[in-house]
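Only a predicted model underlies this, so the values are computations on that prediction, with no experimental measurement involved.
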Amino acid sequence: MAERAGGVTAVPTEPGSYEVFYQRLRTALWEGGPLPVDPHSTVPALEVIDAAVRSARSREVIALS
């Protein structure tokens, strides 16, 4: 769920497969195949995790830019 100014909005998730992810990661690292996830696409998720940790420590809302 994502909270918006007007209420709560359901955010659909897509099914994943860790087994396939790690198989593709192994292939990328050992055989030079493509990475299973574009590293640049992970930055926003890491920013959210970092903000959550800082928020928990400081007990303040951390704004994302």
Side-chain angles (χ1 to χ4, degrees):
M1 297 285 189
E3 191 169 332
R4 305 262 185 220
V8 176
T9 303
V11 177
T13 58
E14 296 182 20
S17 173
Y18 286 111
E19 183 178 329
V20 172
F21 171 82
Y22 285 109
Q23 287 171 348
R24 290 179 182 169
L25 181 60
R26 180 211 168 274
T27 300
L29 295 175
W30 289 23
E31 300 173 18
L35 292 171
V37 175
D38 175 12
H40 294 94
S41 71
T42 64
V43 172
L46 294 172
E47 289 172 341
V48 170
I49 293 168
D50 179 60
V53 170
R54 290 187 292 135
S55 177
R57 287 183 180 151
S58 67
R59 297 182 182 213
E60 296 178 352
V61 174
I62 304 296
L64 297 174
S65 54

Under 3.5 Å, which donor-acceptor pairs do the side chains of residues 10-23 form with other protein atoms, sequence neighbours left out?
| from | atom 1 | to | atom 2 | distance (Å) |
| --- | --- | --- | --- | --- |
| Ser17 | OG | Val20 | N | 3.4 |
| Glu19 | OE2 | Gln23 | NE2 | 3.4 |

* Structure fact -> Applying side-chain contact (heavy atoms from CB on, under 4.5 Å) to Leu64 and not counting sequence neighbours gives Val48, Ala51
Would you give me the side-chain donor-acceptor pairs under 3.5 Å for residues 32-46, sequence neighbours excluded?
| from | atom 1 | to | atom 2 | distance (Å) |
| --- | --- | --- | --- | --- |
| Asp38 | OD1 | His40 | N | 3.2 |
| Asp38 | OD1 | His40 | ND1 | 3.4 |
| Ser41 | OG | Asp38 | O | 2.7 |
| Thr42 | OG1 | Pro39 | O | 2.6 |

* Please collect all salt bridge (Lys or Arg N to Asp or Glu O under 4.0 Å) contacts where either partner lies in residues 41-59, sequence neighbours excluded, each pair once. => Asp50-Arg54
* To do: Keeping to residues at least two apart or across chains, list the salt bridge (Lys or Arg N to Asp or Glu O under 4.0 Å) pairs with something in residues 21-37.
  => Arg26-Glu31
